[in-house]
Amino acid sequence: MLASRVSRRVVLAGAAAAAALTAVPDVAAKAHAAETPSYRWRNAVIGGTGFVTGVLFHPSVRGLAYARTDIGGAYRWDDRTARWTPLTDQLGWDDWNLLGVEALAVDPAHPDRLYLAVGTYAQSWAGNGAILRSEDRGATWTRTDLTVKLGGNEDGRGAGERLLVDPRDSDTLWLGTRHDGLLKSTDRGATWAAVSGFPATVSQSGQGITFLIAVGRAVYAGWGDGDGSATAVNLYRTTDGTTWTAAPGQPTGTTAKVPIRAAYDARSRELYVTYADAPGPNGQSAGSVHKFGPGTGRWTDVTPVQPGGSDTFGYGGVAVDACRAGTVVVSTNNRWAAVDTLYRTTDGGRTWTSLKDSAVFDVSETPFLKWGADQPKFGWWIQAVAVDPYDSKHVVYGTGATLYGTRDLTHWAPQIRGLEETSVIQLISPPVGEAHLISASRDIGVMYHERLTASPARGMATNPVFGSATGIAQAAGRPAYVVRTGWGDNGNGAYSGDGGRTWAPFAAQPSLAHDAPGPIATSADGSTLLWSFVHWDGTKYAAHRSADNGATWSEVSSFPKGATPVADPADPTLFYAYDTDTGTLYASTDSGLSFTARASGLPAGDSQFQLAAAPGRSGDLWLSVKWNGLYRSVDGGASFVKIASCWASYTLGFGRSAPGADYPAIYQVGSTETITAVYRSDDEAKTWVRVNDDLHQWGWTGQAITGDPRVYGRVYLATNGRGIQYGERI
């Protein structure tokens with residue numbers, strides 16, 4: 001019996017309820033933490049930036065749709081306001097693994113019901129998945145914990161949907177898993193049991209069931225673990241809810257090895273299935289599109305364009321027009337030579353038109369989508385495609401960075417307001433200048449935020465363009481000077497002389513920067529750079545130093561390999577580094593030429609331990625060492641004292657001091673007693689107040705946090721999948 005361990009109901013009241021979801025909240029911290037002040041939390045707008053893996057229009061309600069993402073939760077679309085509402089922000093620290101949404105399902109007969117299958121990773125170190133059930137379109141939820149793992153961020157995450165309300169009975173749900181076969185619930189998802197009669201062999205390493213779809217009163221299941229041979233089975237069906245058999249005459253071979261998605265045209269009574277030779281989103285080189293007549297048992301190959309030669313790709317998304325029989329839209333996926341596209345047919349697949357060929361894009365609302373070029377790309381990782389059942393010309397498709405929509409099949413624009421899925425690694429809030437925020441993120445590099453309520457007008461920082469950033473730093477005494485590192489198209493390091501508005505690549509870079517760009521620091525006056533190097537596989541290398549703005553570099557052999565360099569904000573000759581392997585604080589008093597060990601015997605063993613320097617002061621260091629707590633040094637790292645007011649600290653930053661206070665406000669993600677949350681201290685960490693609440697938790701938030709040096713109480717928080725959150729006192 002694969003049943004729930006616990007089923008929990010959370011009712012959320014007030015205006016914030018529409019955006020809420022969580023398991024039972026942790027016990028509120030009492031020791032060392034005062035009552036939570038009133039804060040308003042919003043996203044610093046970028047717009048999308050992550051992989052939208054599924055979009056589903058409700059078949060019975062005009063203007064209602066839902067979207068899922070691989071690491072950033074689920075959203076509800078409201079056509080009247082043209083915005084997405086996040087539905088999973090209340091998932092807390094302990095439930096970080098549930099922010100990846102494997103599948104979603106709606107009940108055509110009960111428009112207010114919504115179901116999510118959540119779980120980001122299927123690895124042994126990740127927690128099990130869960131089913132979230134709502135009777136009010138995601139305003140409140142009931143949660144059932146599963147005894148199996150789901151993989152919202154695994155290969156094949158763009159397939160699906162793997163969750164389905166049975167077309168015969170709204171109380172019955174089906175869940176296809178990757179490694180545990182087919183599950184069934186007869187009580188609307190409260191409990192689940194394995195379907196013993198499902199004929200496919202369960203795999204512990206493959207894709208398992210890739211989608212479930214209702215075809216009239218029957219249910220079809222795609223099977224992704226076939227070998228592509230002439231006898232392989234990749235599609236099963238049941239017509240009575242009990243007996244499952246292979247669909248007759250189905251296509252086989254490499255181009256039909258993995259069924260990705262399916263859509264049923266109820267008007268023509270034909271099922272369309274997209275196939276590829278791998279689950280995607282990467283690694284596909286062949287694919288096809290076939291349609292099947294359940295009444296006739298006839299299959300027809302309706303592939304728009306056959307992959308071949310250098311033009312390799314698979315097929316991904318598929319959607320039918322509920323208003324017009326034989327009108328279907330499919331997407332290519334992993335097509336790099338000719339670039340991915342959508343194909344549309346109005347005659348059941350006999351002829352197809354590429355929507356890319358006539359597409360006109362307007363990305364003025366999210367300029368980063370130009371990726372440093374003159375024009376945006378049509379997209380990549382296109383596995384989510386949907387056609388509005390009430391508007392044939394309203395088509396949307398998800399990519400690895402956004403969700404595009406059209407109302408006339410020609411003009412396309414991001415349909416992304418309210419949906420933010422950035423994975424953020426570092427934040428700077430400058431003390432002066434136009435922008436209050438500069439961010440560094442995975443996939444979209446570095447951005448200069450002129451406004452918090454609109455996507456950065458300059459898009460991604462260019463010259464070079466970074467795919468992913470690895471570090472940013474600002475000279476404390478010369479804030480116009482900013483440096484950044486990452487994976488770039490024209491070098492992996494750059495500097496700015498105007499506070500991050502414009503950039504130029506370093507004149508040279510160490511050879512290690514090609515394969516292992518890591519974090520960087522600049523001295524308080526901007527005269528010295530220290531660049532650390534860490535390969536993506538974790539291998540650490542010697543740091544390098546430049547005293548001429550990156551024109552030449554020299555190795556610093558005494559710097560602890562792989563450590564994050566930290567500049568003293570007041571003395572340009574001082575640098576620090578924390579060796580997480582040995583628990584030793586190193587310091588340099590000669591502008592980074594050499595480092596010597598100071599304090600030792602501190603917590604070790606985790607590369608994510610963080611060292612921070614208090615602004616405006618020399619030698620005032622704070623060390624966040626996760627569950628080992630928080631430490632402080634006021635003598636440049638010669639000695640540290642453990643802070644008694646919290647038992648865990650994951651990331652820490654500083655902002656403008658409270659009125660009447662002479663020390664910066666401190667912000668951290670940590671624990672004062674039992675709950676991991678966002679806290680502020682106005683008295684040098686003697687006491688803390690929690691500044692987020694149970695509606696705003698965003699899963700794992702241990703990467704970066706900083707206060708605003710110009711606005712007391714404003715805090716910026718990096719999330720892993722819900723973008724940049726910022727909170728302000730109200």
Side-chain angles (χ1 to χ4, degrees), residues 12 14-16 19-20 22 25-44 86 89-96 420 424 427-429 436-437 439 452-453 610 612 614-615 622 624 626 629-630 643 645-661 663-720 722-730:
L12 305 166
T22 192
D26 295 314
V27 178
K30 297 179 181 178
H32 312 296
E35 182 179 350
T36 301
S38 295
Y39 258 69
R40 176 175 64 179
W41 286 91
R42 292 176 288 180
N43 270 110
D89 279 359
Q90 199 172 346
L91 285 168
W93 181 273
D94 292 339
D95 291 321
W96 67 268
E420 302 278 348
V424 188
L427 301 168
I428 291 175
S429 185
H436 281 248
L437 182 67
S439 65
L452 299 178
T453 56
Q610 296 183 12
W622 296 77
S624 295
K626 292 189 170 182
L630 177 64
I643 302 300
S645 60
C646 64
W647 67 266
S649 180
Y650 297 91
T651 185
L652 181 140
F654 304 90
R656 184 180 179 90
S657 59
Y663 195 84
I666 306 173
Y667 297 90
Q668 74 160 338
V669 175
S671 302
T672 62
E673 190 176 280
T674 59
I675 189 169
T676 300
V678 185
Y679 294 94
R680 188 190 76 233
S681 175
D682 296 329
D683 56 10
E684 299 184 51
K686 296 181 180 66
T687 61
W688 301 88
V689 292
R690 184 185 177 194
V691 297
N692 72 324
D693 54 55
D694 289 343
L695 300 182
H696 302 90
Q697 299 194 74
W698 317 287
W700 189 79
T701 51
Q703 185 69 46
I705 192 171
T706 189
D708 193 308
R710 289 177 270 178
V711 182
Y712 169 63
R714 182 187 286 174
V715 56
Y716 305 97
L717 177 68
T719 76
N720 185 43
R722 275 291 287 123
I724 304 164
Q725 301 288 336
Y726 73 99
E728 296 180 297
R729 297 184 307 148
I730 56 175

Tell me whether Ser429 contacts the main-chain N or O of His436 through its side chain, where contact means a donor paired with an acceptor under 3.5 Å. yes
Search all heavy atoms of Ala718 against all heavy atoms of Leu427 and return the closest pair with its distance. N-CD1, 3.6 Å
Using the side-chain contact (heavy atoms from CB on, under 4.5 Å) rule, take Trp41 and Leu695 through it: C-alpha gap first, then chi angles, then the decisive distance, then the call. CA-CA 10 Å; Trp41 286 91; Leu695 300 182; over 6 Å; no
Criterion side-chain contact (heavy atoms from CB on, under 4.5 Å) on Ile666 and Leu652, from CA distance to verdict: CA-CA 7 Å; Ile666 306 173; Leu652 181 140; 3.6 Å; yes
Considering all heavy atoms, the nearest Val691-Arg680 contact: CG1-CB, 3.9 Å
For the CZ atom on Arg40, are there more than 12 heavy atoms of other groups (residues, nucleotides or ligands in this structure) within a distance under 6.0 Å? no
Can you tell me how far apart OH (Tyr726) and CG (Asn43) are? Round to the nearest 0.5 Å. 9.0 Å
Smallest separation among heavy atoms of Lys686 and Ser681, with atom names: N-OG, 3.9 Å
Distance-minimising heavy-atom pair for Ala658 and Asp682: CB-CG, 3.8 Å
The test is side-chain hydrogen bond (donor to acceptor under 3.5 Å, both in side chains); show your working for Tyr716 and Arg714 and say whether it passes. CA-CA 7 Å; Tyr716 305 97; Arg714 182 187 286 174; 3.1 Å; yes
Checking ring pair (Phe, Tyr, Trp, His ring centres under 6.0 Å) for the pair Trp93/Trp698: CA distance, chi angles, key distance, verdict? CA-CA 8 Å; Trp93 181 273; Trp698 317 287; over 10 Å; no
Nearest 0.5 Å, please: how far is CG in Leu437 from CD1 in Ile724? 5.0 Å
If you measure from the Lys or Arg side-chain nitrogens to the Asp or Glu carboxylate oxygens, is any gap between Arg722 and Asp89 under 4.0 Å? yes
Would Tyr679 and Ile675 count as a side-chain contact (heavy atoms from CB on, under 4.5 Å) here? Give the steps. CA-CA 11 Å; Tyr679 294 94; Ile675 189 169; 3.2 Å; yes
How long is the span from the CG atom in Asp708 to the CG atom in Leu452, to the nearest 0.5 Å? 8.0 Å
Kindly compute the distance separating OG (Ser649) from CD1 (Ile705), expressed to the nearest 0.5 Å. 9.5 Å
Gln697 and Gly92 have their tightest heavy-atom pair at OE1-CA, 3.5 Å
Would you indicate whether the side-chain heavy atoms of Trp700 and Thr719 approach each other to under 4.5 Å? no
I'd like to know whether Arg42 forms a side-chain contact (heavy atoms from CB on, under 4.5 Å) with Gln725, so could you lay out the CA-CA distance, the side-chain angles of the two residues, the decisive distance to 0.1 Å, and finally the verdict. CA-CA 6 Å; Arg42 292 176 288 180; Gln725 301 288 336; 5.8 Å; no
Side chain proximity check, Val669 to Leu717, heavy atoms < 4.5 angstrom: yes
Pair Thr676-Ser671, side-chain hydrogen bond (donor to acceptor under 3.5 Å, both in side chains): steps then yes or no: CA-CA 5 Å; Thr676 300; Ser671 302; 2.9 Å; yes
Shortest non-hydrogen contact from Cys646 to Trp688? CB-NE1, 4.3 Å
Could you give the distance from OG (Ser645) to CG (Leu630), rounded to the nearest 0.5 Å? 7.0 Å
Any chance you could measure Phe654, atom CZ, to Gln668, atom CD, to the nearest 0.5 Å? 10.5 Å
Intermediate values then yes/no, side-chain hydrogen bond (donor to acceptor under 3.5 Å, both in side chains), Tyr663 and Asp683: CA-CA 7 Å; Tyr663 195 84; Asp683 56 10; over 6 Å; no
